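The structure appears below as structure tokens.
Position 1 is the first residue of the sequence; numbering continues from there. When a ligand or atom number is given, it counts from 1 through the structure's own listing order. All values reported here derive from a predicted model rather than from experimental measurement. Side-chain atoms are counted along with the backbone in the values below, which use heavy atoms only and exclude waters and symmetry mates.
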Amino acid sequence: MFEALTENFSKIFQRLRSRGKLTEENIKEGMREVKIALLQADVSLPVINEFIKKVTEKAVGQEVIRSISPGQQIVKIVHDEMIRLMSPADPKIPFADGEPTVIMMAGLQGTGKTTTCGKLALKLRSKGRKPLLVAADIKRPAAVEQLKVLGRQLDIPVYAEDRKRVVKICKRAVDHAKKERLDTIILDTAGRLQIDKEMMEELRQVAAKVKPHQIYLVVDAMIGQDAVNSAKEFNDQLELDGVILTKMDGDARGGAALSVRAVTGKPIKFVGVGEKMDRLEEFHPERVAGRILGMGDTVTLVEKARKEITQDEAEKLQKKLARGEFHLGDFLEQMQRMKKMGPLGEIFKMIPGLGSKLKMGEEEERELVKIEAIIQSMTEQERRRPEIINLSRKRRIARGSATTTADVNGLLKQFKQMRKMIKQMKSKGFFGKMKGMKGMAMPPGFG
Ligand SMILES: Nc1nc2c(ncn2[C@@H]2O[C@H](COP(=O)(O)OP(=O)(O)OP(=O)(O)O)[C@@H](O)[C@H]2O)c(=O)[nH]1
Ligand SMILES: [Mg+2]
């Protein structure tokens, strides 16, 4: 996600940093490049203009020009302004007292409303709520069935009727929820085109008669500026409470994420990051800004890691890393842990300075399986002191792991490089920051 934008920013900042001292002219030139990068990322033009104006004002201030590392200062200004653009995000859902909370999902066709209804229901149930999914899409014949299937899969009740009146269905769903003591109702409405007046009117009717407590607009992040324009339209027609951006796992260019808050004035509640039901995350502007600017996403990484590694284990590992005692056995253990955290490619992207350098596809994942087998075929002593692995040991290891001595050699070489990289990360203070479990590590050359 946002790859092109990240790459462009990285080039722009590199040029700015290489200037040493900055002049007003340098800054303005840099800002012209920022503008082009944002345009290419499909950010809405008024949003870009406002953004550039603010950043330029701050950057041209005496402090930046006089400071020792002006390039770095500008990165900070852009970073802060980007966060401001997407803030505040608000993952909280206010629940009604004494009656079921009604949440209505609206959005264009195919943006991910039904999927998001399922994801949200699952998330809420894990927090102790009792959700009811309501099939309020009677336009597409298969839509009701789609929601029913989803409900069965998640073991979440679905309310559906054969009637043609959406408002009535929703009202009866509320009664049903009360009777069944279900406390959160999620209305899956039909996708519509913004130009379709009749369909828009239907939504307005539901909003007026059923009075949902929260109305969320589901926006497909891949569509960029068009998505944002339609968001504006929806926002004029309905009183939105928030936006859910979907398909952030795809090659979204960044336009929707950067513009939708400024254009609608409504907070981004959640982001969909995959088709699976557990792929709904809270939206954190500071992390997204960090990711766009190539600063990695240490906080997300740390949070993911924290789920898998206890504080104790993490400290032990950090000490080992710091002392340079990290050996192949530890490597194996970490690899197995990382695998539990999710696709490795995603994890690498979050490590500052590493994301753009390491690519992790299926082939690389297969390579990892091989590595695992090789290390598993080593003795404890070999894992600790790989330098004792001579040719006959290599042959034995290769046989044991169904690989070749060339594979074993390859791994040993890689491990050596990795140790070197760990030393570099250490000297950049990465582990110190991890230990603090907060704050963002700066990428190489930024800090
Ligand atoms: N990669 C990815 N795909 C998603 C995400 N959310 C939804 N999708 C996919 O988008 C497609 C459309 O999703 P639906 O939930 O059916 O969309 P909808 O808005 O209900 O569609 P209509 O009811 O026809 O308007 C499906 O293939 C989903 O799997 C997401 O966060 N990431
Ligand atoms: Mg749907």
Counting only heavy atoms, which portion of Thr114 has something under 4.0 Å from ligand 1: side chain, backbone, both, or neither? both
Can you tell me which portion of Arg279 lies within the under-4.0 Å heavy-atom range of ligand 1? Options are side chain, backbone, both, or neither. neither
Ignoring angles and geometry beyond distance, decide whether Ala190 reaches within less than 3.5 Å of ligand 1 through its nitrogen or oxygen atoms. no
Lys/Arg N to Asp/Glu carboxylate O, Lys54 vs Glu57, below 4.0 Å: no
Quick one: do Lys119 and Asp278 make a salt bridge, cutoff under 4.0 Å? no
Report the part of Met248 (side chain from C-beta onward, or backbone N, CA, C, O) that has a heavy atom under 4.0 Å from ligand 1; answer both or neither where that applies. neither
For Gly274 and ligand 1, answer yes if some heavy atom of the residue is under 4.0 Å from a ligand atom, otherwise no. yes
Please confirm whether Ala143 approaches ligand 1 to less than 4.0 Å, judged on its heavy atoms. no
Do any nitrogen or oxygen atoms of Asp188 lie less than 3.5 angstrom from nitrogen or oxygen atoms of ligand 1? no
In terms of atom number and element, which parts of ligand 1 are under 4.0 angstrom from non-hydrogen atoms of Val273? 31 (O)
So, Ser87 side chain and Ile83 main chain: donor-acceptor pair closer than 3.5 Å or not? yes
Regarding Thr114, does it place an N, O or S atom less than 2.8 Å from the Mg ion (ligand 2)? yes
For side chain to side chain donor-acceptor pair (under 3.5 Å), just list the numbers for His79 and Glu286, CA-CA rounded to whole Å, side-chain angles, deciding distance to a tenth of an Å, and then say yes or no. CA-CA 8 Å; His79 179 244; Glu286 64 291 349; over 6 Å; no
For ligand 1, find out whether one of its N or O atoms is nearer than 3.5 Å to an N or O atom of Lys113. yes
Kindly identify the option in Lys119, Glu275, Gln109 whose heavy atom sits closest to atom 6 (N) of ligand 1. Lys119
Between Asp137 and ligand 1, find which residue part has any heavy-atom pair under 4.0 Å and reply side chain, backbone, both or neither. side chain
Residues, nucleotides or ligands: over 12 heavy atoms within 6.0 Å of Lys139 NZ: yes
For Gly272, the atoms of ligand 1 under 4.0 Å from one of its heavy atoms are 31 (O)
Would you check whether Thr111 has a nitrogen or oxygen atom less than 3.5 angstrom from a nitrogen or oxygen atom of ligand 1? yes
